There are 2 protein chains.
Amino acid sequence: MKMNKRKWKIIDAAHRLFIEKGFHATSIQDILDEAEISKGTFYNYFTSKNECLLAIIEYVEAEGYQKRIELAIGKDQQDEEVFIKQLAVRLNMNKKYNMLALFNHVMQLDDKEIRKYMDKQYRAELNWVSKRIADVYTPGKNDYSLDHAVMLLGMVHHFLHVWKMGMEEEVEPEKVIRFILKRMKSMMNDQMKSGEKFFSEELFSFELSGEGRAQRLLDSFIKKIDYITKKADSEQLDYLHFLQKEITSESPRKFIIESMMLSLKHVFKDTELEYEISQVVQLAEKYIKCQEGEEV
Amino acid sequence: MKMNKRKWKIIDAAHRLFIEKGFHATSIQDILDEAEISKGTFYNYFTSKNECLLAIIEYVEAEGYQKRIELAIGKDQQDEEVFIKQLAVRLNMNKKYNMLALFNHVMQLDDKEIRKYMDKQYRAELNWVSKRIADVYTPGKNDYSLDHAVMLLGMVHHFLHVWKMGMEEEVEPEKVIRFILKRMKSMMNDQMKSGEKFFSEELFSFELSGEGRAQRLLDSFIKKIDYITKKADSEQLDYLHFLQKEITSESPRKFIIESMMLSLKHVFKDTELEYEISQVVQLAEKYIKCQEGEEV
DNA sequence: AGTATTTTATACCGATAGTATATTTTTTGC
DNA sequence: GCAAAAAATATACTATCGGTATAAAATACT
């Protein structure tokens, strides 16, 4: 993950300072000193301090997303060990990058954009956990999986919080996850016997399918592509234009897009735009899945 | 709850603004305009914006504390209905005063004092829930009750969050609590059979007993009394001094202190200091319990 | 009525986020 | 290798905010 050298330097410095001193206690000047850059440079890469914070969070999210995909490669969908490791990924990222401290700062921001982003992220996580619970524990059915996902995340988060608050030992997310999953098994059986359901699984389904989501994904995609095309060279531009044309066509062909994404990753490998490309690829993947869901 | 008229006006205005615009987006000037007071007056009652926020939170907490005590009067310790209603109290308060929004703002504060206060509050809630779970579901034993308390709070909080995020209907904490408690029963049975325990019940016990807690309670108590004595009349002063003398004596007599507290509540009824007195009474009650625990 | 306290109005300080710009440095294209 | 273009720097500036200080006016107390 190369990104722009200076941009990375800023993000890295800001990240350290935000965790060490807190978001509000860190002034722009602090960041400039720590990153050894000038004010102009900072505002060349970010339009505000908030956007800088958001960039940090986005980076960590993206890294976690990739790791989860890697963990699933070649493995059975029902494999509980994979699920545990995948769950742990995000929590470990939080630990590694001390994100909890940052999230708390984010939460307080009055910035609507960031709030919306965080909400969206939580919804996505819920949907993912929900789907994976159904995969592993109740294949073929997902009647209760939203309930279970909320329970799982709620318990795990609070367990980690209490652990951090009360014990000296370093937090071990996997240990917590294993313990909670054991508890959940008896609970899931019992609930299915009783037939009680709290949240209907369609609650957030508009996030998983539907025109709204597809349109939003497409918007983000086009926006990102626009940004990248400004900085890409001619060879790269060919790929980008072709991809853009295919994905916005009447009936985009999945195999072509998947091929293009592989090529894109390759062409942008070790360039400053590598990070941006990984985001575009994610968007395209999600868009395809979304469209597939509609056609079924 | 009368409090000082102007102080109340400020707290009320600030509360509305914090929820509406967010803590950081609300300037002192906004509060002054909304409450129709001058800057001098504001800083006469609060030393900072943070302290003003803390006052709002403290007020809500105190109200919840009182309501929980009232709910328990004359009822059986094992009564599940009482427990449910008591749990709902705090969540309803959060809803009523829109505290979740505030908590998020608080979380971001770099102010160490407020963070410490919020942490303490969470610990206290955990201890309370833990004790009550043992009361109701496993009388005489509390081996697993800390685990269970963390699970319960974790699930309930996330359920409420998801409900708020995803549905139009107004949130009903009691409904959530009942659903979660049902789920927990099968889980608790299962866990006790397996014998697995995550957190030891002594994790936060230093909060429930020990010299440290007693000393801290006493400190807070004396500080509050000092503050009140400055504004009390001579009759009230007699009570206060007597209480202070008794509680700091070598072996404070419980029945005397309890009697004094009843008198205090009566003497300060409908005065500006009523709110402060209720806090003192709380502190005294906790201190007595703490001392009793040591003598056993 | 006269004293003490509270409230107001207002000016001020230091720090901050963000803007603007002229100058220097680095990168890029040929 | 050199000139044009882009990026980075240094610096000065604006507006806002939290908080302090103080003198004058309003209110409360006895």
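For the numbers below, each heavy atom of this structure counts, side chains included, while hydrogens, waters and symmetry mates do not. Just so it is clear: chains get the letters A, B, ... in the order the sequence lines come, proteins before strands, and each one is counted from 1. Small disclaimer: the values here were computed from a predicted structure and weren't measured.
When the C1' atom of dA17(C) is taken as reference, atom CZ of F23(A) falls 11 Å away, rounded to whole Å. In this structure, I28(B) places its CD1 atom 11 Å from P of dC17(D), rounding to the nearest Å. With rounding to whole Å, H24(B) atom NE2 is found 13 Å from dC17(D) atom P. Taking atom CG on D30(A) and atom C1' on dA15(C), their separation rounds to 11 Å, with Å as the unit. Protein atom CD of Q29(B) is 13 Å distant from nucleotide atom P of dA11(C), rounded to whole Å. One interatomic measurement links the two molecules: CG of L32(B) to P of dT20(D), which rounds to 14 Å at whole-angstrom precision. As a whole-Å value, the separation of N50(A) CG from dA17(C) P is 11 Å. Summarising the geometry, the separation between CG on D33(B) and P on dG18(D) is reported as 12 Å, rounded to the nearest angstrom.
Residues Y59(A) and H15(A) keep their aromatic ring centres 6.0 Å or farther apart. Checked against a 6.0 Å centroid threshold, the rings of H24(B) and H24(A) count as neighbours.
For K49(A) (side chain) and T26(A) (main-chain N/O), a donor-acceptor pair under 3.5 Å exists by modelled atom type. Looking at K39(A), its side chain never comes within 3.5 Å of a backbone N or O of I28(A) through a donor-acceptor pair. Side chain of K21(A) to backbone of S27(A): no donor-acceptor contact under 3.5 angstrom is found.
Y43(A) meets the ring pair (Phe, Tyr, Trp, His ring centres under 6.0 Å) test with no other residue; sequence neighbours excluded.
Proximity of E61(A) to M93(A): side-chain heavy atoms (C-beta onward) are nowhere separated by under 4.5 Å.
Summary of helix geometry: the two end axes of the helix from dA1(C)-dT30(D) to dC30(C)-dG1(D), each defined by five base pairs via their C1' atoms, are inclined to each other by 30° (rounded to 10°).
Applying a 4.0 Å cut-off to non-hydrogen atoms, the residues of residues 36-44 of chain B that approach DNA chain C are E36(B), I37(B), S38(B), G40(B), T41(B), N44(B), listed by residue number.
Distances shown here put a side-chain N or O of R6(B) below 4.0 Å from the OP1 or OP2 atom of dT7(C).
Remark: R68(B) is positioned above the aromatic ring of W128(B), its terminal NZ or CZ atom under 6.0 angstrom from the ring centre and at most 45 degrees off the axis.
Under a 4.0 Å N-O distance rule, the pair K7(B)/E51(B) does not qualify as a salt bridge.
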